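Report on the following structure.
Along the sequence shown, the residues carry numbers beginning at 1. Nothing here was measured: the structure is a model prediction, and the numbers come from that model.
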Amino acid sequence: MTALFWVAKVLTTGMGETASDWLARVLGPVGAGAIGLIGLAALLAAQLRAPRYRVWTYWAAIVMVSVFGTMAADVVHVVAGVPYLVSTVVFAVVLAVVLVRWYRSEGTLSIHSIRTRRRERYYWGTVLATFALGTAVGDLTAGSFKLGYFSSGVLFAALIALPAIGGLLLGLNEVAAFWAAYVLTRPLGASFADWAGGSVRHGGLGWGTGPVTLVLALLITGLVGLLALRQRAEREVLG
């Protein structure tokens, strides 16, 4: 995992948050949900059919998982009226169940071992659960705990350093460190995106969810382009 990977991952989490909010405002919850579900299904199908790792396909799927994961968490709260604390616990349990089943089935949770369709399905199930959990956790701290978007972002920026410190200094298992950081990227990116796009009245900068989504999309496109160039260069070196 490189720094480019983690930066791109955080940006996709922010874009998923603002894109979901923008689509819901423009198209309504039903239309936005339909687009999110169709886009997610199409891109995951493309990813699962790919014979190998393809940078653009992978990151397009990650973006749609981010958008749909946000919608799923928001629907649970806004439509069903489930408190963020409850949805956080539920999504945490779902994530734990997916990870336990994956480990019992395959004997590893390492992303470097994903070389079969079954392991890839477990991986994407885990990714979807992490996005839903991260969305609920970010909303919990910003809303229910009254920290606001910016303070929540600072909190998660501090927390995401813990897996790195644990891995480097305390011998934390690298797989556990990876998934801990992966979960935390979601509320980190979403908190700062909400802060940038949210209204001043609600503690944001007032830039709007549409413009923030566009800027993040451009940044992600640039980073994924760099990752694609790096992959191509590595293949040329390997012959």
Side-chain angles (χ1 to χ4, degrees), residues 6-37 39-40 62-88 90-92 128 130-161 181-223:
W6 289 109
V7 173
K9 176 63 171 62
V10 172
L11 292 178
T12 61
T13 65
M15 181 183 168
E17 181 74 20
T18 55
S20 175
D21 292 342
W22 181 76
L23 287 170
R25 188 179 71 252
V26 173
L27 302 176
V30 176
I35 288 179
L37 181 59
L40 175 66
I62 286 289
V63 167
M64 285 311 305
V65 170
S66 178
V67 173
F68 186 77
T70 301
M71 291 177 177
D74 288 343
V75 164
V76 168
H77 177 73
V78 177
V79 177
V82 177
Y84 286 127
L85 180 58
V86 175
S87 60
T88 296
V90 170
F91 286 131
L128 185 56
T130 64
F131 273 97
L133 173 60
T135 300
V137 170
D139 290 334
L140 176 69
T141 58
S144 301
F145 293 169
K146 310 298 182 183
L147 292 182
Y149 299 131
F150 181 78
S151 296
S152 291
V154 172
L155 170 65
F156 293 115
L159 289 176
I160 203 170
Y182 202 95
V183 170
L184 288 168
T185 58
R186 175 57 187 172
L188 171 62
S191 295
F192 282 119
D194 275 334
W195 173 61
S199 66
V200 176
R201 182 166 60 91
H202 290 99
L205 295 177
W207 293 351
T209 54
V212 171
T213 299
L214 178 59
V215 170
L216 290 174
L218 292 174
L219 291 173
I220 291 167
T221 300
L223 285 175

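With rounding to the nearest 0.5 angstrom, the CG atom of Leu184 is 7.0 Å from the CZ atom of Phe156. Here OG of Ser144 is found 7.5 Å from CG of Leu85. Values are rounded to the nearest 0.5 Å. Atoms OG1 and CD, from Thr135 and Glu17 in turn, are 5.5 Å apart once rounded to the nearest 0.5 Å. In this structure, OG1 in Thr130 is found 7.5 Å from CG in Leu128, a value given to the nearest 0.5 Å. Taking CE of Met15 as the start and OG1 of Thr209 as the end, the distance is 12.0 Å to the nearest 0.5 Å. A distance of 6.5 Å separates CH2 of Trp6 from OG1 of Thr185, quoted to the nearest 0.5 Å.
Counting only heavy atoms from C-beta outward, the side chains of Leu205 and Val200 never approach each other to under 4.5 Å. Between Leu223 and Leu219 the shortest side-chain heavy-atom distance does not fall below 4.5 Å. Side-chain atoms of Met71 and Leu23, non-hydrogen and from C-beta on, do get closer than 4.5 Å to each other. In this structure, Leu133 and Thr88 have side chains that are in contact, with non-hydrogen atoms separated by less than 4.5 Å. Val26 is listed as a side-chain neighbour of Trp22, based on a closest heavy-atom distance under 4.5 Å.
Among all heavy-atom pairs drawn from Ser87 and Ala136, the shortest one is OG-CB, 3.7 Å. For Val183 against Pro187, the heavy-atom pair with the smallest separation is O-CD, 3.1 Å.
A donor atom on one side chain and an acceptor atom on the other are not found under 3.5 Å apart for Ser152 and Ser191.
Ring pair Phe131/Tyr182 is perpendicular by interplanar angle, where above 60° counts as perpendicular and below 30° as parallel.
In this structure, the side chain of Ser66 engages the main chain of Thr12 through a donor-acceptor pair within 3.5 Å.
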**Steps toward side-chain hydrogen bond (donor to acceptor under 3.5 Å, both in side chains) verdict (Thr213, Thr18)** = CA-CA 6 Å; Thr213 299; Thr18 55; 2.8 Å; yes

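Paired with Tyr149 under the rule side-chain contact (heavy atoms from CB on, under 4.5 Å), one option of Asp194, Val154, Thr141 passes, and it is Asp194.
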